[in-house]
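Data first, discussion second: the structure below is written as structure tokens.
Values below: all heavy atoms of this structure, side chains included; hydrogens, waters and symmetry mates excluded.
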Amino acid sequence: MREVSRRGILGLGMGAAASLAVAGCSSGSGSGTPKPSKTTQAKPIGDGSTSHGERRKEAPKPERLERGQKPPQFVVFSWDGAGEVGNGLFPRFRKLAEDHGATMTFFLSGIYCLPESKKSLYRPPNNPVGASDIGYLTDDHIKATLRNVREAWLEGHEIGTHFNGHFCSGSGSVENWTSAQWKSEIDQAMSFVTEWKTNTRFTDVDPLPFDYHKELIGGRTPCLKGQTNLLPTAREFGWRYDASSPGGLQVWPSKKQGVWDFPLQQIPFPGHSFEVLSMDYNILANQSKNSTNAPPANYPGWRKQAAEAYIAGFKRAYETNRAPFFIGNHFEQWNGGIYMDAVEEALKHMADERHKDVRLVSFKQLTDWLDAQDPAVLADLRGLGVGQAWSANGG
């Protein structure tokens with residue numbers, strides 16, 4: 001993907017600047033990318049951009065906790081944009097997930113399936129026709145994105161949405177969109193994913209192996225803005241969760257307007273008295289401010305600090321209230337790729353055999369588990385504050 005324009009604030013940790021610029025979501029294709037799956041059982045949907053009938057790796061059915069039973073430690077790694085641009089990051093983290101029995105959520109930006117030559121098809125609310133603050137992918141990168149999204153779903157991962165043009169500032173910001181405008185944005189994202197064959201005329205890419213109208217049950221808004229007006233529309237679409245809240249705490253989640261609310265969380269930030277939001281960009285913003293290419297002499301220390309922040313957030317939840325832990329990422333190479341290395345180190349730490357009751361899951365899997373529980377059990381868990389120890393008698 002090309003270098004892109006501003007991404008705006010992503011809900012910075014206390015102590016960070018109020019508004020910063022950031023590059024766009026991107027990823028890569030590597031030589032180790034698994035070969036496309038067989039499509040002989042696939043039944044096309046619509047123009048054949050999507051299909052159903054192929055087998056995928058399925059997760060175990062959620063188990064219902066008994067009252068007084070200690071919950072597993074859930075951790076959700078999610079990726080904003082999920083575009084594939086030749087730097088090897090999408091297949092790298094798919095392979096990491098495979099190696100450690102993890103599933104993840106990939107929030108696909110709809111315009112990553114739309115050629116720039118067809119950008120006039122995109123009519124973003126309160127912005128010019130075809131506008132986008134994250135740009136468009138080349139044809140080769142659209143193909144690579146489609147192939148990685150396809151394989152990710154077959155491997156058991158979830159495909160959510162990061163919507164389309166990623167507008168974070170000015171009068172066109174998603175923060176100002178009405179519920180009706182969010183509906184238009186979602187409808188367009190859905191069409192770009194489900195009609196990519198019509199829009200691209202590609203004949204050498206297999207269909208996405210899912211019905212996106214059924215698969216899509218949640219998303220994350222650009223810059224964590226606009227959730228209030230999004231939620232009525234999300235509920236209308238039958239979405240079961242939203243991951244757009246900024247500045248959440250490490251406590252058990254609850255619902256907003258009937259939709260599970262999964263906020264990025266404030267976590268300990270080594271070396272500082274304030275906490276930082278659990279996303280790669282927010283850590284960067286507190287380290288190098290608005291630069292994604294700071295002096296390399298800082299990289300080793302910043303990488304260590306980022307990994308330790310994720311691990312500290314995990315440890316606090318794991319050793320106390322067992323609140324699900326949410327980590328957000330972009331496929332990026334900011335500051336020499338140190339944040340990708342840090343999140344890989346953190347995942348390996350969490351997946352270590354010493355942590356046998358840790359579950360590295362997608363947001364969909366977590367939602368399934370929560371919906372399967374006794375409401376009284378969840379109420380007990382929600383009564384535990386940040387860092388408050390779980391006990392069989394008290395929650």
Please answer: with hydrophobic residues joined when any side-chain heavy atoms are less than 4.5 Å apart, are [X] and [Y] in the same cluster?
{"X": "L264", "Y": "V259", "answer": "no"}
{"X": "L137", "Y": "F202", "answer": "yes"}
{"X": "L114", "Y": "L216", "answer": "yes"}
{"X": "I159", "Y": "W239", "answer": "yes"}
{"X": "W177", "Y": "L231", "answer": "no"}

Would you say the side chain of [Y] lies within less than 4.5 Å of the side chain of [X], judging by non-hydrogen atoms?
{"X": "D374", "Y": "R67", "result": "no"}
{"X": "S78", "Y": "F326", "result": "no"}
{"X": "L108", "Y": "V149", "result": "yes"}
{"X": "L378", "Y": "P253", "result": "no"}
{"X": "Q333", "Y": "L89", "result": "yes"}
{"X": "H52", "Y": "P209", "result": "no"}
{"X": "T320", "Y": "W390", "result": "no"}
{"X": "V361", "Y": "V75", "result": "no"}

Looking only at atom types and distance, does a side-chain atom of [X] sit under 3.5 Å from a main-chain N or O of [Y], one as donor and one as acceptor?
{"X": "E332", "Y": "G337", "value": "no"}
{"X": "R56", "Y": "H157", "value": "yes"}
{"X": "D352", "Y": "M350", "value": "no"}
{"X": "R220", "Y": "A243", "value": "yes"}
{"X": "N282", "Y": "V276", "value": "no"}
{"X": "H162", "Y": "S109", "value": "no"}
{"X": "W252", "Y": "N321", "value": "yes"}
{"X": "S173", "Y": "N176", "value": "no"}
{"X": "Q266", "Y": "Q250", "value": "no"}
{"X": "E344", "Y": "D341", "value": "no"}

What residue among F74, F77, F262 forms ring pair (Phe, Tyr, Trp, His ring centres under 6.0 Å) with F363?
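For F363, the ring pair (Phe, Tyr, Trp, His ring centres under 6.0 Å) check succeeds only for F262.
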
Which pairs with one or both residues in residues 191-203 pass side-chain hydrogen bond (donor to acceptor under 3.5 Å, both in side chains), sequence neighbours excluded?
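Checked against side-chain hydrogen bond (donor to acceptor under 3.5 Å, both in side chains) - neighbours excluded - the pairs reaching residues 191-203 are D47-T198.
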
Would you please say whether a donor-acceptor pair under 3.5 Å links the side chains of [X] and [Y]?
{"X": "Q305", "Y": "Q287", "result": "yes"}
{"X": "D261", "Y": "Q227", "result": "yes"}
{"X": "N335", "Y": "T292", "result": "no"}
{"X": "W153", "Y": "E158", "result": "no"}
{"X": "N126", "Y": "Q181", "result": "yes"}

Apply ring-ring contact (aromatic ring centres under 6.0 Å, His included) to [X] and list each qualifying residue two or more places apart in sequence or on a separate chain.
{"X": "H355", "result": "F314, Y318, H349"}
{"X": "F93", "result": "W79"}
{"X": "F269", "result": "H272, F274"}

[X] with [Y]: basic N within carboxylate O range, under 4.0 Å:
{"X": "R303", "Y": "E345", "result": "yes"}
{"X": "K183", "Y": "D187", "result": "yes"}
{"X": "R150", "Y": "E54", "result": "yes"}
{"X": "R94", "Y": "E98", "result": "no"}

May I have the step-by-step check of side-chain contact (heavy atoms from CB on, under 4.5 Å) for Y339 and N329, ending in yes or no?
CA-CA 9 Å; Y339 305 104; N329 303 275; over 6 Å; no

Reference residue R147; test side-chain contact (heavy atoms from CB on, under 4.5 Å); the match among I142, D206, V205:
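Exactly one candidate clears the test, V205.
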
So, for [X] and [Y], which heavy atoms are closest and what is the spacing to 0.1 Å?
{"X": "S288", "Y": "A294", "answer": "CB-CB, 3.8 Å"}
{"X": "F90", "Y": "A152", "answer": "CE2-CB, 4.1 Å"}
{"X": "Q388", "Y": "G383", "answer": "OE1-O, 3.8 Å"}
{"X": "V129", "Y": "P124", "answer": "CA-CD, 4.2 Å"}
{"X": "C113", "Y": "L146", "answer": "SG-CD2, 3.9 Å"}
{"X": "Q188", "Y": "L121", "answer": "OE1-O, 3.7 Å"}

Applying salt bridge (Lys or Arg N to Asp or Glu O under 4.0 Å), which residue pairs with at least one partner in residues 236-255 are found, sequence neighbours left out?
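Checked against salt bridge (Lys or Arg N to Asp or Glu O under 4.0 Å) - neighbours excluded - the pairs reaching residues 236-255 are R240-D368, R240-D371.
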
By the salt bridge (Lys or Arg N to Asp or Glu O under 4.0 Å) test, which pairs, at least two apart or in different chains, include something from residues 309-324?
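Non-adjacent pairs meeting salt bridge (Lys or Arg N to Asp or Glu O under 4.0 Å): E275-R316, R322-D357.
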
Tell me whether the count of non-hydrogen atoms from other residues, nucleotides or ligands lying under 6.0 Å of CD in E66 goes above 12.
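No, CD of E66 has 12 or fewer neighbouring heavy atoms, counting only those of other groups under 6.0 Å.
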
R235 atom CZ: more than 12 heavy-atom contacts under 6.0 Å
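Counting neighbours around CZ of R235, more than 12 heavy atoms of other residues, nucleotides or ligands fall under 6.0 Å, so yes.
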
[X] [atom1] to [Y] [atom2] distance, which is reported to the nearest 0.5 Å:
{"X": "S51", "Y": "K43", "atom1": "OG", "atom2": "NZ", "result": "11.0 Å"}
{"X": "K304", "Y": "I338", "atom1": "NZ", "atom2": "CD1", "result": "13.0 Å"}
{"X": "N87", "Y": "R92", "atom1": "CG", "atom2": "CZ", "result": "9.5 Å"}
{"X": "T221", "Y": "D80", "atom1": "OG1", "atom2": "CG", "result": "9.0 Å"}
{"X": "I283", "Y": "L277", "atom1": "CD1", "atom2": "CG", "result": "9.0 Å"}
{"X": "M190", "Y": "Y212", "atom1": "CE", "atom2": "OH", "result": "6.5 Å"}

Would F237 and I186 count as a side-chain contact (heavy atoms from CB on, under 4.5 Å) if you check the C-alpha gap in whole Å, the side-chain angles of each, and the deciding distance to 0.1 Å?
CA-CA 9 Å; F237 274 101; I186 295 168; 3.8 Å; yes

So, do F163 and F107 have ring centers that fall under 6.0 Å from each other?
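For F163 and F107, the ring centres are not under 6.0 Å apart.
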
Could you go step by step and tell me if R123 and S184 meet the side-chain contact (heavy atoms from CB on, under 4.5 Å) rule?
CA-CA 9 Å; R123 297 178 177 272; S184 172; over 6 Å; no

